[in-house]
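Note sheet for the following structure.
By convention here, the first residue in the shown sequence is residue 1. Ligands are counted one by one from 1 in listed order, and the atoms in each one are counted from 1 as well. Note that these values count all heavy atoms, side chains included, but never hydrogens, waters or copies made by symmetry.
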Amino acid sequence: MNFELPGDLRDMQATIRDFMLTRVEPRAHEIEETNHVPEDLLREAAALGLFGLSIPEAYGGVGLGALGRCAVYEALGMGHMGFGGVISAHASIGTSGLVKLGTDDQKARFLPRMASGECVAGFAITEPSSGSDAANIRTRAEKRGDVYVLNGTKHYISNAPIAGLLTVIAVTDPARGSKGMSAFLVEPQSTPGVSIGKIDEKMGQKGALSAEVIFQDAVVPAANLLGPEHLGYREALGILTNGRVGIAARSTGAMQRLLDLSVAHAQAREQFGKPIAEFQAVQFMLAEMEIAVQTSRVLWQKVAWMVDQGQDVRRMASVAKYHATEALSQVADKAVQVAGGMGYMKDSPVERYYRDQRLLRIYEGTSEIQKLIIAGDLLR
Ligand SMILES: Cc1cc2nc3c(=O)[nH]c(=O)nc-3n(C[C@H](O)[C@H](O)[C@H](O)COP(=O)(O)OP(=O)(O)OC[C@H]3O[C@@H](n4cnc5c(N)ncnc54)[C@H](O)[C@@H]3O)c2cc1C
């Protein structure tokens with residue numbers, strides 16, 4: 001076994017970490033204040049290949065496998081989580097369905113613009129009445145000649161307000177239950193009948209905008225059906241499975257950053273005439289944070305490797321996501337504790353991470369749903 005990342009992936013990871021720390025972090029205050037990621041930062045991200053991580057080189061992407069993508073996601077976690085959220089919703093769940101299931105024509109139409117960052121992508125399954133129970137969605141796609149007509153409402157859709165392309169899951173045959181779902185490539189900005197609702201006001205991850213997507217007799221060409229008709233719930237959710245490994249990797253990067261900040265603060269801050277790092281209570285918090293980082297890293301690396309071997313990672317992707325996101329919540333809490341009052345102040349990155357990380361235990365399947373998947377697979 002070799003736990004070293006290959007040299008080219010190590011280099012790319014270092015480049016993205018530097019970008020997050022030296023280019024994005026200094027703009028964090030601006031992103032928090034405006035709830036907007038500046039376009040020049042997105043352009044820099046595109047030039048570094050962040051929008052094309054999972055897109056084959058033939059279509060202008062970087063063509064990384066799961067190990068490479070996750071190495072980059074770990075680096076993304078080292079900086080502003082809202083910024084990382086925009087990139088990961090695009091590069092992960094926004095892109096993977098098209099790369100996996102798309103026809104040559106569909107790939108040629110969309111992937112080059114997605115790789116360049118010109119067309120930002122997202123994925124829409126969640127509805128007001130079906131979140132965890134995603135098999136129960138109601139958005140309907142009816143075939144009429146060579147088009148499908150979509151009606152229904154999705155909500156909490158990441159990147160929707162800026163998206164040029166959404167992978168939308170809708171019901172094509174209600175009689176088949178969860179096997180009667182299909183995926184569609186929808187261009188929200190140019191498809192009549194598609195509108196974006198009010199932008200969500202969130203606790204954290206500022207700049208990563210999410211919103212409702214409303215379909216009212218929206219006409220989507222049959223050429224935009226992604227994968228087979230009635231592809232089914234399991235296949236549709238397969239798009240999310242690989243995303244979960246990426247969330248585990250992002251969480252690991254966030255924990256590493258929080259640990260680095262905490263170690264630096266513990267060494268610099270003096271109380272009772274000595275650095276607080278000399279108090280065993282503080283040392284224990286740092287040690288527990290390091291344990292969380294190391295275990296989460298080994299897990300995402302293993303699951304990413306399994307993806308690259310073509311193995312079924314349904315159970316293990318949930319193990320990795322559950323472990324890393326729950327660990328991150330504890331690490332964020334400890335980071336605030338080590339920082340003391342400063343960790344509660346708005347200008348502290350620790351305060352921001354404390355809010356931003358909370359989402360990771362909810363989206364792409366809550367922690368409870370991850371446990372149901374793990375147990376379901378064990379008992380199958
Ligand atoms: C900021 C943000 C961005 C998002 N981005 C996207 C996106 O890009 N695309 C998309 O499609 N969706 C997106 N989502 C939706 C997200 O995936 C859902 O919010 C999530 O799956 C949970 O669904 P819910 O909010 O309806 O909660 P619910 O399903 O109502 O869950 C509420 C609680 O009940 C628990 N629960 C539910 N069922 C069970 C059960 N069977 N057993 C035990 N506990 C259970 C849950 O774990 C949770 O604790 C986003 C959400 C947010 C907040």
is_close_aromatic(F83, F19), centroid dist under 6.0 Å: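 Yes.
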Should [X] and [Y] count as side-chain neighbours, where that means a heavy-atom distance under 4.5 Å?
| X | Y | value |
| --- | --- | --- |
| V194 | L150 | no |
| L209 | N159 | no |
| E33 | H36 | no |

Nitrogen or oxygen atoms of H155 and ligand 1 under 3.5 Å apart: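 No, since none of the N or O atoms of H155 sits under 3.5 Å from an N or O of ligand 1.
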Close N or O approach (A124, ligand 1; < 3.5 Å): no
Any salt bridge between [X] and [Y], counting N to O under 4.0 Å?
| X | Y | result |
| --- | --- | --- |
| E32 | R355 | yes |
| R138 | E127 | no |
| K334 | E288 | yes |
| D260 | R257 | no |

Looking only at protein heavy atoms, which one is nearest to [atom], and how far off is it?
| atom | value |
| --- | --- |
| atom 12 (N) of ligand 1 | T126 OG1, 2.7 Å |
| atom 39 (C) of ligand 1 | I369 CD1, 4.2 Å |
| atom 44 (N) of ligand 1 | E368 CB, 3.7 Å |
| atom 28 (P) of ligand 1 | S132 OG, 3.7 Å |
| atom 20 (C) of ligand 1 | I362 O, 3.5 Å |
| atom 8 (O) of ligand 1 | S158 N, 2.9 Å |

Classify the contact between [X] and ligand 1 as side chain, backbone, both or neither, using a heavy-atom distance cut-off of under 4.0 Å.
| X | answer |
| --- | --- |
| L359 | side chain |
| L372 | side chain |
| K202 | side chain |
| T366 | side chain |

E364/K321 under salt bridge (Lys or Arg N to Asp or Glu O under 4.0 Å): CA gap, chis, key distance, verdict: CA-CA 9 Å; E364 298 194 32; K321 187 200 182 235; over 6 Å; no
ILVMFWY cluster, V62 and L98 together (side-chain gap under 4.5 Å): no
Of all the atoms in ligand 1, which lie at a distance below 4.0 Å from a heavy atom belonging to [X]?
| X | result |
| --- | --- |
| I157 | 7 (C), 8 (O), 9 (N), 10 (C), 11 (O) |
| G131 | 23 (O), 24 (P), 26 (O), 29 (O) |
| E364 | 17 (O) |

Pair K371-E326, salt bridge (Lys or Arg N to Asp or Glu O under 4.0 Å): steps then yes or no: CA-CA 12 Å; K371 286 198 274 194; E326 292 285 330; over 6 Å; no
With a 4.0 Å cut-off, strictly under, does [atom] pick up any protein heavy atom?
| atom | result |
| --- | --- |
| atom 41 (N) of ligand 1 | yes |
| atom 10 (C) of ligand 1 | yes |
| atom 30 (O) of ligand 1 | no |

Winner among Y363, F123, Y156 once heavy atoms are compared against atom 19 (O) of ligand 1: Y156
